[in-house]
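What follows is one structure encoded as C-alpha cells, with my remarks underneath.
Below, chain A is the first sequence line, B the second, and so on; all start at residue 1. These numbers were taken from a predicted model, which means no experiment stands behind them.
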Amino acid sequence: MLLMYEFAAIEQKWQRRWESERLYRAPDESGKPKYYSMEMLPYPSGDLHVGHAKNYTLGDAVARTMRMLGYNVLHPMGWDAFGLPAENAAIDRGIDPAAWTAENILNMRRQIRLMGTGYDWTREIASCEPEYYRWNQWLFLQLFRRGLAYKREAPVNWCPHDQTVLANEQVVDGRCWRCAHLVERRNLSQWFLRITAYADRLLADLDKLGGWPERTRTMQRNWIGRSEGANVTFAVDGLDESIQVFTTRLDTLYGVTFLAVAPEHRIVDSIKRIVSADDAAAIDAFAASLKSKSELERTSLMEKTGIFTGAYAIHPLTHERVPIWLTNYVLAEYGGGAVMGVPAHDERDFDFAKRRGLRVAQVIVPHDEAVVVPLAAPYVEDGRLLASEEYSEMSSARARDAIAERLIALGVGAKSVSYKLRDWLISRQRYWGTPIPIVHCVACGEVAVPEDQLPVMLPPREFVAGQTSTLATIAEFIETTCPKCSGPARRESDTMDTFFESSWYYLRYLDPHNDSAPWDPRRAAHWMNVDQYIGGAEHAVLHLLYSRFFYKFFHDEGWVSGPDEPFQRLFHQGLLLRDGEKMSKSRGNVVGIDETAERNGVDAMRLFLLYVTPPEETSNWTDDGISGRVRLLNRIWRACEPLSGVVGSDRRALPNAADPAERALLRAVHVVAKSATDETLSRRFHYNTTIAKLDELVNLMTAASSDAPSPSLLYAVSVLPILIAPFAPHIAEELWERYGHKSSVHLERYVEPDERALAVEEITLVVQINGKVRARIAAPAGIGEEAAMELAMADSNVRAHLDGKDIRKAIYVADKLLNVVAA
RNA sequence: GCCCAGAUGGCGGAAUUGGUAGACGCGCUGGUUUCAGGUACCAGUGGUGGCAACACCGUGGGGGUUCGAGUCCCUUUCUGGGCACCA
C-alpha cells in the first residue's frame with residue numbers, strides 16, 4: 001500500500017486545536033518587534049471562493065513567516081458588514097439584512113478558518129455592530145465639529161437602480177461601480193466630507209509611500225489632479241457681477257474670443273435679467289436640456305454644444321467685449337464653472353469655435369516660427385507671444401508670470417491651484433448603514449447628537465419582499481426632539497457610505513473592546529503603522545485614498561502618532577481566473593473553498609495558489625495544476641512520516657557531510673530557507689520560487705531515501721516541517737507532532753540560512769569562445785583565471801574552435817564563466 | 001488620445017545586480033509496479049539536422065551598444081490595466 005497523506009482528518013484536527021489554544025493571538029506586550037500585517041477585510045456576501053483564498057493565503061504566509069522570523073505579528077480579521085447587497089437581499093426576499101449578514105459572517109468565518117489561516121480572532125470586528133458604528137458616529141461628529149463634515153446642495157451622482165447617491169470615486173465610466181447602471185445628475189442636499197482640505201498633503205505624501213506600487217500612487221496623483229494656474233476676473237457688461245475663470249495658460253489671455261460657462265453657474269440668473277426675453281428663454285431651454293444629464297453624458301458622450309447668452313464680458317486687459325456662451329463641455333464643479341475660450345491654443349475651445357463660427361485669435365507661435373499662418377489645429381504648446389501688447393515676444397513661461405503680476409496689481413486676478421479631487425459625498429439614501437448622528441431642528445438647524453447619546457441605533461424594521469424604503473419612512477426614528485432646545489426635530493435619515501467604516505477599522509483592531517474611545521492612542525502608538533497591507537488594486541482611489549485622509553485627520557487630532565500615513569507597505573494581489581475567465585455565479589465556474597478543501601485538501605490549495613504565479617500576477621485556477629501540489633504533499637509525507645520515530649530534536653543540528661549527494665541535500669534545505677526568508681523580508685513575496693526550490697529539495701530527499709538514512713537526510717526530514725509551516729501549516733504541524741514535539745511547529749524559529757550549508761565546492765565553469773558556449777567543465781570553487789584557462793585548453797571542443805585563431809583576450813567571471821575572444 | 005505594466009517551449013512560470021535561457025510544475029511520450037487506479041516510480045520532452053559527438057536557430061518584430069543582451073538603448077507591433085473635455 002502506498003502511504004498517502006490523509007489530509008481531511010489532519011487538517012480538521014489542527015484547525016480545532018489552533019483555535020482552542022488561541023495560537024495566533026497577538027499580545028500587546030511582548031519582547032519582540034511588532035509587525036502589523038493585514039488583508040483588506042471582506043464584505044460578508046455569502047460564500048468564499050478560491051479567488052478570496054489567493055488573497056488570504058498570501059497574507060497568511062507572510063504573517064506566519066514573519067512570526068517564525070521572530071516578530072510579534074498582529075494579523076486580524078473582520079467584516080465590512082454594512083452595505084447594499086444585504087439590503088438588496090432583504091428587499092428581494094423580505095428578510096432582515098442583519099440576520100442575512102450574521103449568517104454570512106458565520107459561514108465565511110468558518111471558510112476562512114477552513115483555509116488554515118492564523119488570525120487573532122479575539123480582535124474580530126463587524127462594522128454593523130452598534131459597538132463599532134457607535135464610533136463611526138463619534139468620528140463623524142469630530143469631523144463635523146472641525147467643519148470637515150458639512151451638508152450642502154450640489155449636483156450629485158444618482159444611481160436610479162440602487163436608489164442612492166454615489167461618491168465621485170464610485171462612478172466608473174459614468175456608471176455605478178456596483179450595479180453598472182448609468183448614473184444621473186441630481187441637485188440634492190447631501191453630507192460631504194472635506195477631503196479637499198487635505199488634497200495637498202494627500203498628494204505630497206504619496207512621495208513618502210515607497211512601499212506602495214507605483215501605479216497606485218500614480219492613480220491617486222491623477223485622481224487628486226493638481227493644476228497650478230491663475231484665476232482671472234471678467235466683468236460682465238451691464239452687471240455689477242463678474243465671472244471668474246481658472247486657467248493654466250495665462251500666456252494665452254490675449255487670445256480669448258469668448259467665455260464658456262456651465263449652465264449651472266450663478267451668473268446665469270443675473271444674465272437672464274439683462275438679455276432679451278428670447279435669449280432668456282433659450283438659456284432656460286438649454287439648461288433644462290442638460291439638467292439631468294450626468295457629467296459623462298454631457299462631456300464624453302455628447303458633441304460640444306452651446307448657446308450665446310446675448311451678454312458680454314469685458315476682457316480685463318484689452319477691455320474688449322467678449323461674448324458669453326453657455327456650453328455643455330464646461331464642468332460646473334471645476335475651476336469655478338467658467339472657462340476663457342482660447343480657440344487658437346486649446347483643443348476643446350478650437351473644436352467649439354469651429355462648430356459655432358467663433359473667432360480664432362492666435363497669440364502664441366513656436367519659437368522658431370516668425371509669422372502667423374492660419375491654424376488647421378490649435379497650437380497647444382508653449383512658445384513666443386504675439387499680438388499681446390507689451391507681452392509680445394515674451395516666452396510663454398515669462399508671460400505667465402508677467403501677466404499674473406499685472407492682473408494682481410489691477411485686482412482682477414490671482415495665482416491659484418485647482419484640484420480634480422472633490423469632496424467625498426458620504427450620504428446614502430439606504431437603510432443598511434450607519435445612521436448619520438445629526439438632528440434637524442427648525443430653530444437650531446443641524447445639531448450634533450450629543451456623544452453620550454451614541455450610538456444612534458439603526459431602528460429594526462420589517463422588510464417586505466419587493467419594497468424599498470429608507471430610514472425616512474420610519475416615523476418613530478425620524479421624529480425626535482432637538483438636543484439643544486428640546487423643540488420638535490427630525491433625525492437625519494441618510495446613512496453613511498460604507499467606505500466610512502473601512503477608513504479606520506485597522507485602528508479598531510488594536511482596541512476592539514474599548515467602550516470609552518474608538519481606540520487608545522497608546523495602542524495606536526505601539527502598533528501603527530500597518531507594516532504590510534494586502535488587497536486588490538480596485539481600491540486604489542477609494543478605500544486607500546479615504547483611509548489616508550482619515551488617518552491624517554486622526555494625526556492632526558493627536559489620536560495617532562508617528563508617520564501620518566496608515567499603510568507603510570501595500571501589495572496588490574492579482575486576480576484569479578478559472579481557465580482564463582473571471583469566476584462568477586452566472587458563468588457557473590466558481591471554484592468554492594469547501595469543495596476544494598474536500599477534494600484536494602487545504603494545504604494543497606494554499607501551495608497551488610502561491611506556486612502558480614507570482615502573487616501580483618493574474619493567475620489561473622486549473623484542476624490539473626492543484627494535483628501537482630497534492631503530489632508534492634504526498635511525496636513530503638512519504639519522505640518524512642516513516643522516519644518520524646527516528647528524528648527528534650537531536651537531529652536538528654546541521655550535520656557535517658563530505659559526500660557530494662549529502663552536501664547537495666543540506667544545501668537544498670538552506671536554499672529553501674533562504675528563499676522563504678528573502679522573499680518575505682524583501683516584500684516581494686514570490687513564494688512561487690520558494691516552493692519550486694521546495695520541490696527540488698523533496699526530489700533530492702526522495703532520491704536519498706534508503707533503509708539506512710544518512711545524517712543529512714535525517715536532518716532534512718527533521719527540519720522540513722519548519723520550512724513548510726508558513727505555506728502548508730497542517731501537514732507541517734502533523735509531522736512535527738509525530739516527531740514527538742509537544743508544542744506547535746508554528747512557534748518555532750524559522751530555519752536560519754547557513755552560509756556553510758549554502759556554499760558550493762564544485763562549480764560548472766562555462767567556457768565561451770567569442771560569446772558562444774563551447775564547453776561546461778566541472779571545477780573546484782574559487783579557481784583562478786589561469787587554472788580556468790588551463791582547464792579550458794584541455795577541452796577538445798574548445799581547442800577545435802580555437803584552431804587557427806589568435807587569442808586576443810579572455811574575460812573571466814569568478815566561479816562562473818571564461819570567455820575567450822579570438823579571431 | 002494620454003499614462004503605467006507586460007510579451008520567454010503545448011501551458012503556468014524561472015533566470016532580483018548584463019554572464020550556462022527554459023529551474024520547478026502542468027501537460028504530453030515511452031517504460032516499471034499493481035487484481036485494479038485521475039493521485040506511485042523511472043526516463044524523455046524549445047526547434048532543425050545528425051547514430052552520436054556536436055552544429056545551427058531561438059526570449060513579439062526591426063536596429064544598436066557590448067567580449068557577452070531575455071536583461072541596457074532606439075524604434076515598432078500586440079496585450080492587460082488606469083485616466084479620459086479638469087480649462
Rounded distance in Å between the [atom1] positions of [N] and [M]:
N     : M     : atom1 : value
B:C11 : B:G82 : P     : 26 Å
B:C28 : B:U16 : P     : 32 Å
B:G61 : B:G10 : P     : 14 Å
B:G46 : B:G58 : C1'   : 8 Å
B:C85 : B:G80 : C1'   : 26 Å

Checklist entry - Given A:Glu616, which of A:Gln573, A:Arg684, A:His686 fulfils the side chain to side chain donor-acceptor pair (under 3.5 Å) condition? => result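 It is A:His686, the one option of A:Gln573, A:Arg684, A:His686 that forms the side chain to side chain donor-acceptor pair (under 3.5 Å) with A:Glu616.
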Using a 4.0 Å heavy-atom cut-off, does [X] contact any base of the nucleic acid, only the sugar-phosphate backbone, or nothing at all?
X        : result
A:Val339 : base
A:Val612 : sugar-phosphate
A:Tyr611 : base
A:Lys816 : sugar-phosphate
A:Gly628 : sugar-phosphate
A:Arg808 : nothing
A:Asn222 : nothing
A:His801 : sugar-phosphate
A:Glu679 : base
A:Val541 : nothing
A:Asn620 : nothing

Checklist entry - To the nearest 0.5 Å, how far apart are NZ in A:Lys582 and CG in A:Leu576? => result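 Going from the NZ atom of A:Lys582 to the CG atom of A:Leu576 covers 11.5 Å.
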Interatomic distance, [X] [atom1] vs [N] [atom2] [rounded to whole Å]:
X        : N     : atom1 : atom2 : result
A:Lys354 : B:C85 : NZ    : P     : 23 Å
A:Glu347 : B:G1  : CD    : C1'   : 9 Å
A:Phe350 : B:A87 : CZ    : P     : 20 Å

Under 4.0 Å between a side-chain N/O of [X] and OP1 or OP2 of [N], yes or no?
X        : N     : result
A:Tyr329 : B:A87 : no
A:Ser227 : B:A87 : yes
A:Asn688 : B:C24 : no
A:Arg217 : B:C4  : no
A:Arg631 : B:G27 : yes
A:Arg249 : B:A87 : no
A:Arg221 : B:C3  : no
A:Arg355 : B:C85 : no
A:Asn797 : B:A55 : yes

Item to check | Closest to side chain of A:Glu696, choosing from B:A55, B:A87, B:A23 | outcome: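 Closest nucleotide among those given: B:A23.
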Checklist entry - Would you call the rings of A:Phe608 and A:Trp621 parallel, tilted or perpendicular if under 30° counts as parallel and over 60° as perpendicular? => result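 Ring orientation, 0 to 90° scale: perpendicular.
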Checklist entry - Mind checking whether A:Phe352 and A:Phe258 have parallel, tilted or perpendicular rings, split at 30° and 60°? => result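 The arrangement is tilted - the two ring planes meet at 30° to 60°.
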Checklist entry - With side chains defined as the heavy atoms from C-beta onward, is the minimum distance between A:Thr690 and A:Phe727 less than 4.5 Å? => result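 When only atoms from C-beta onward are counted, A:Phe727 and A:Thr690 do touch, with a gap below 4.5 Å.
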With both distances kept under 3.5 Å, what pairs with [N], Watson-Crick or G-U wobble?
N     : result
B:G58 : none
B:C67 : B:G19
B:C41 : B:G31
B:A5  : B:U79
B:G12 : B:C24

Next on the checklist: Checking understanding here: a glycosidic angle within 90° of 0 is syn, the rest anti, so what is B:G62?
Outcome noted: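 Because its glycosidic torsion lies more than 90° from 0, B:G62 adopts the anti conformation.
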Checklist entry - Does A:Lys674 NZ have over 12 foreign heavy atoms under 6.0 Å away? => result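 Count not over threshold, so no.
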Checklist entry - Does A:Asp624 make a side-chain donor-acceptor contact with the base of B:C26, cut-off 3.5 Å? => result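 No such pair is found, so the answer is no.
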Checklist entry - B:C85 base to A:Lys304 side chain: any donor-acceptor pair below 3.5 Å? => result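 Per atom types, the contact qualifies.
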